[in-house]
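Notes to accompany the following structure.
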Amino acid sequence: MKQWMLLGLLGLGAVAQAHDVWVAAPKHQPAGQILHADLGYSHDFPNVEKIADDRVHIFKPLQLTDKSGKTVDLTNKGENYQYVSKSRLKDGSYWVGAVYKPTFWSQNSEGWKQKTLKDLPGATYCEQAQMFGKAFLQVGSAGVDESVLTRPVGHELELVPLKNPNEVKVGGLLPIKVLYKGKPLAKATVTASSDTLAEMDLAATHDHREPQGFSGKTDKDGVVNVIPLIEGLWKIKAAHQADYADKSVCQQDNAYATLIMPVGTKRAAERHEHHHHQH
């Protein structure tokens, strides 16, 4: 039991220091235009930055899911985090999704490597991490398609809003259902931060202690009401930790998910500071 608790604490430490994955995309654009969207992967939300060369292979291309439920890859154009749609988008509701494929990370006295316990000499902790991000996009003048909005795109860990995350007001509620492998996840902790909140304490943000503006647990149906108390670009987060099947290979099998919620018009001033650390 003590060993399990220690591993759990180690795992939470790794969670706390991990990069987040999110989608930077417009919440609305006119019909008949190409979509431009960025894959966010850093400690410095909402600023996107070039993905380290040794990590590019971990990511799938950004993906676009339409009303039919069909998901297509966007095309990388420009920096390695920049993507465009292959065609001009028609009226309707879409999800833009990011996927960080299952990747082993082990730690020894020299730091973190993309290896298992067996492959990294002196490794004391390993987790297989996978990450997912979503942002909701409305194109043209059509109304929001509720069937698209509330339909999962199929991520292993997923935050499914039960109302439009792009229309939430300060002090309003955004009910979110957390799904793990397609099933509601009860008692999951959901947190949220915003660019405007992070701006108030940049030292904490850069020290992997991003200020949180919301924390709550899901009910028996996997639902929690997220309440943004200030304007800003909000990043809602959840994580799920499970034991890895073969402890000689790795200890934890962890999934992380984000959902973007723009609230009001106020945004943090743009910053250009880059920090590369653990996964």
Side-chain angles (χ1 to χ4, degrees), residues 20-29 31 35 37 40 45-46 63-69 71 89-98 132-180 182-197 212-240 256-267:
D20 280 333
V21 169
W22 73 89
V23 173
K27 67 178 186 178
H28 182 273
Q29 71 177 40
L35 169 66
F45 177 79
Q63 298 176 324
L64 188 69
T65 305
D66 65 13
K67 65 180 180 181
S68 72
T71 296
L89 301 189
K90 299 176 181 177
D91 275 301
S93 300
Y94 299 81
W95 279 108
V96 188
F132 308 91
K134 289 169 59 181
F136 188 64
L137 167 66
Q138 192 64 26
V139 174
S141 55
V144 170
D145 188 333
E146 295 289 336
S147 67
V148 176
L149 178 67
T150 58
R151 183 178 59 215
V153 299
H155 293 164
E156 179 113 341
L157 181 66
E158 186 168 358
L159 304 178
V160 179
L162 303 182
K163 63 186 259 189
N164 190 346
N166 296 343
E167 294 179 352
V168 179
K169 304 284 195 294
V170 169
L173 301 180
L174 178 65
I176 285 178
K177 178 169 282 195
V178 181
L179 299 179
Y180 180 64
K183 296 180 179 179
L185 189 61
K187 297 181 180 178
T189 297
V190 174
T191 60
S193 186
S194 70
D195 59 340
T196 45
L197 191 62
Q212 301 300 303
F214 173 84
S215 179
K217 283 189 179 294
T218 57
D219 63 15
K220 60 181 175 55
D221 299 315
V223 177
V224 64
N225 287 320
V226 177
I227 309 169
L229 296 180
I230 62 174
E231 289 193 6
L233 186 66
W234 284 79
K235 176 185 62 185
I236 305 168
K237 296 197 297 185
H240 180 268
Y256 309 88
T258 65
L259 173 70
I260 295 302
M261 176 178 63
V263 178
T265 57
K266 186 177 180 182
R267 298 292 182 265

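In what follows, residues are counted from 1 in the order of the sequence shown. Keep in mind it's a predicted model, so treat the numbers as computed, not measured. Just the heavy atoms: all of them, side chains too, but no hydrogens, waters or symmetry mates, feed the values below.
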>> Going by the rule side chain to side chain contact (heavy atoms under 4.5 Å, CB included), which residues pair with K67 if we only count those two or more places apart in sequence or in a different chain?
In response: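 Partners of K67 under the side chain to side chain contact (heavy atoms under 4.5 Å, CB included) test: D145, V148.
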
>> Taking side chain to side chain contact (heavy atoms under 4.5 Å, CB included) as the definition, give me every residue that meets it alongside T191, ordered by chain and number, with sequence neighbours left out.
In response: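 Only T189, Q212, S215, K237 meet the side chain to side chain contact (heavy atoms under 4.5 Å, CB included) criterion with T191.
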
>> If you apply the rule side chain to side chain contact (heavy atoms under 4.5 Å, CB included), what do you find for N166 with V144, and how did you get there?
In response: CA-CA 10 Å; N166 296 343; V144 170; over 6 Å; no

Between [X] and [Y], which heavy-atom pair has the shortest distance, and what is it?
| X | Y | result |
| --- | --- | --- |
| V223 | K177 | CG2-CE, 3.7 Å |
| W234 | F45 | C-CZ, 4.2 Å |
| V153 | K134 | CG2-CD, 4.3 Å |
| D221 | P184 | O-CB, 3.3 Å |
| G172 | P228 | O-CD, 3.2 Å |
| V226 | V190 | CG2-CG1, 4.1 Å |

Roughly how far apart are [X] [atom1] and [Y] [atom2], rounded to 0.5 Å?
| X | Y | atom1 | atom2 | value |
| --- | --- | --- | --- | --- |
| L173 | K163 | CG | NZ | 6.5 Å |
| R151 | E158 | CZ | CD | 10.5 Å |
| Y180 | H240 | OH | NE2 | 5.0 Å |
| R267 | T196 | CZ | OG1 | 8.0 Å |
| Q138 | Q29 | CD | CD | 11.0 Å |
| F136 | H28 | CZ | NE2 | 10.5 Å |

Do [X] and [Y] come within less than 4.5 Å of each other through their side chains, counting heavy atoms only?
| X | Y | answer |
| --- | --- | --- |
| D91 | S141 | yes |
| S93 | L149 | no |
| L35 | V139 | no |
| V178 | L159 | yes |
| Q63 | V96 | no |

>> Is there a side chain to side chain contact (heavy atoms under 4.5 Å, CB included) between V263 and S194? Walk through the geometry before answering.
In response: CA-CA 9 Å; V263 178; S194 70; over 6 Å; no

> Do L259 and V160 pass the side chain to side chain contact (heavy atoms under 4.5 Å, CB included) test, and can you show the C-alpha distance, the side-chain angles, and the key distance before you say yes or no?
Replying inline: CA-CA 8 Å; L259 173 70; V160 179; over 6 Å; no

> Would you say T258's side chain and I236's backbone share a donor-acceptor pair under 3.5 angstrom?
Replying inline: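 Absent.
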
>> The test is side chain to side chain contact (heavy atoms under 4.5 Å, CB included); show your working for V224 and F214 and say whether it passes.
In response: CA-CA 11 Å; V224 64; F214 173 84; 4.1 Å; yes

